[in-house]
Amino acid sequence: MVLALAAVAYAGVFAAFLLLEKPGLGIGHFFYVPICLIALVTDGALGTIAGILTAGFYAIAVEAAPGVPAADALTKATVIRLVTFALVGGLIGMYASRNRQLVDNLREHASSDFVTGLGNARAFDEELARRCAAGAAFALVLVDVDDLKEVNDVHGHAAGNDALKRVGQVLKQHVEPGDLIARIGGDEFALVTSLPPEQIVALGARVNRSLAQEGLSVTIGSTFCPADGQTATELFHKADDRLFAAKLVRHNRATVVALATASAS
């Protein structure tokens, strides 16, 4: 859109130059407008090229304008104009490009978890809202790292962070392209996936098999849109309730096993 606006600006300044320009009026200075527009949406190199081409365009306008002597097309002032057009385009393009890179970096950091490099709660909220608005079927899976507090207490927070990184890596290995994985709490991850319901349990089993060699495991709770709800709040609360229930089952099972072992000994 900005490039189209630059083209319109070129045409408008050129037409005004032909109709109104006379020695000393200075309509040609408005050629800086399209140069700046092009530079703002490109980079330093293209901004410089735009400035050079505009200098040539200006010379053509001088040749064609009835109120300006044709001899003014190629003078020392033309060389100065070429340099200034190129410098303005190059400098604005360079800083505009750098500013876009900085904004992209800030946006990436704002949506990334500093420990795992995955998405964070903000990225998760945005993706969940987007999926709900789209209306297509998807699954929301909450993943809780088992006994992370114990890892932190026994081995320190560095080991806990390593455990979180490993869980994030394994989750990333088992999801589909286009799925979102985010760390949304201290020991909790969220997966927004297109996997059908019958594959979610299998996903959890694969993840736990991969983590077993490091002595890690996860518990999952899932909901499905639209079967379990159509809003982000409904889906999240139901997934959280199911995750809590799964954690209770796991804890009770571990307690029963521990009691049985103690009785046998």
Whether the side chain of T84 engages the backbone of R81 through a donor-acceptor N/O pair (distance < 3.5 Å, no angle test) should be reported. yes
Taking NZ, NE, NH1 and NH2 as the nitrogens, is one of them in D104 or R107 under 4.0 Å from a carboxylate oxygen of the other? yes
Closest contact, heavy atoms only, I38 versus A50: CG2-CB, 3.9 Å
Point-to-point distance, once rounded to the nearest 0.5 Å, from CZ of R166 to CD of Q213: 6.0 Å
Tell me whether E21 contacts the main-chain N or O of I27 through its side chain, where contact means a donor paired with an acceptor under 3.5 Å. yes
In the hydrophobic clustering (ILVMFWY, side-chain contacts below 4.5 Å, transitive), which residues join V79, or is it alone? none
Looking at Y32, I'd like to know if its OH atom is crowded, meaning that more than 12 non-hydrogen atoms belonging to other residues, nucleotides or ligands lie closer than 6.0 Å. yes
Salt bridge present between E234 and K238 (N-O < 4.0 angstrom): no
When rounded to the nearest 0.5 angstrom, what distance separates CG in L211 from CD in Q169? 10.0 Å
So if you build clusters from Ile, Leu, Val, Met, Phe, Trp, Tyr with side-chain heavy-atom gaps below 4.5 Å, do V8 and F14 land together? no
Side-chain touch V13/V33, heavy atoms, less than 4.5 angstrom: no
Shortest non-hydrogen pair, S111 vs A123, comes out as O-CB, 3.6 Å
From K172 atom NZ to I181 atom CD1, the distance as rounded to the nearest 0.5 Å: 7.0 Å
May I ask you to check whether Y58 and F17 place their ring centers less than 6.0 Å from one another? yes
According to a 4.5 Å side-chain heavy-atom criterion applied to Ile, Leu, Val, Met, Phe, Trp and Tyr, with indirect links allowed, do L3 and I92 form part of one hydrophobic cluster? yes
I'd like to know if D146 pairs up with K247 as an ion pair, taking the criterion as any Lys NZ or Arg NE/NH1/NH2 lying under 4.0 Å from an Asp or Glu carboxylate oxygen. yes
Check whether R242 reaches the backbone of S222 with its side chain - one donor and one acceptor, N or O, closer than 3.5 Å. yes
Membership question, hydrophobic clusters at under 4.5 Å side-chain separation (ILVMFWY): are L171 and F114 in the same one? yes
Between T223 and H237, does any side-chain donor sit less than 3.5 Å from a side-chain acceptor? no
With sequence neighbours excluded, residues passing side-chain contact (heavy atoms from CB on, under 4.5 Å) with A212: none
Backbone N or O of S194 within a donor-acceptor pair of the D179 side chain at under 3.5 Å? yes
Taking the side chain as everything from C-beta on, heavy atoms only, tell me whether T193 gets closer than 4.5 Å to I200. yes
Is there a continuous path of hydrophobic side-chain contacts, each under 4.5 Å between heavy atoms, that joins V115 to L216? yes
Separation between CG (L106) and CD (Q101), nearest 0.5 Å, reads 12.0 Å
When you compare the side chain of F189 with that of L164, does any pair of heavy atoms fall below 4.5 Å? yes
Connecting only ILVMFWY residues whose side-chain heavy atoms lie within less than 4.5 Å of each other, what is the rest of F236's hydrophobic cluster? F124, L128, F138, L140, L142, L180, I184, V192, L235, L243
For F57, which of F30, F85, F31 qualifies under ring pair (Phe, Tyr, Trp, His ring centres under 6.0 Å)? F31
Rounded to the nearest 0.5 Å, how far apart are CG of L203 and CG of L191? 6.5 Å
Taking every non-hydrogen atom, the tightest pair across A39 and G89: CB-O, 3.4 Å
Roughly how far, to the nearest 0.5 Å, is the CG atom of N152 from the CG atom of D147? 11.0 Å
Charged N to carboxylate O under 4.0 angstrom, R130 versus E126? no
Look at the side chain of R183 and the backbone N and O of G186, then say whether any donor-acceptor pair between them is shorter than 3.5 Å. yes
Check whether I60 and L19 end up in the same hydrophobic cluster, where Ile, Leu, Val, Met, Phe, Trp and Tyr are linked by side-chain heavy atoms less than 4.5 Å apart. yes
Looking only at atom types and distance, does a side-chain atom of R100 sit under 3.5 Å from a main-chain N or O of L40, one as donor and one as acceptor? yes
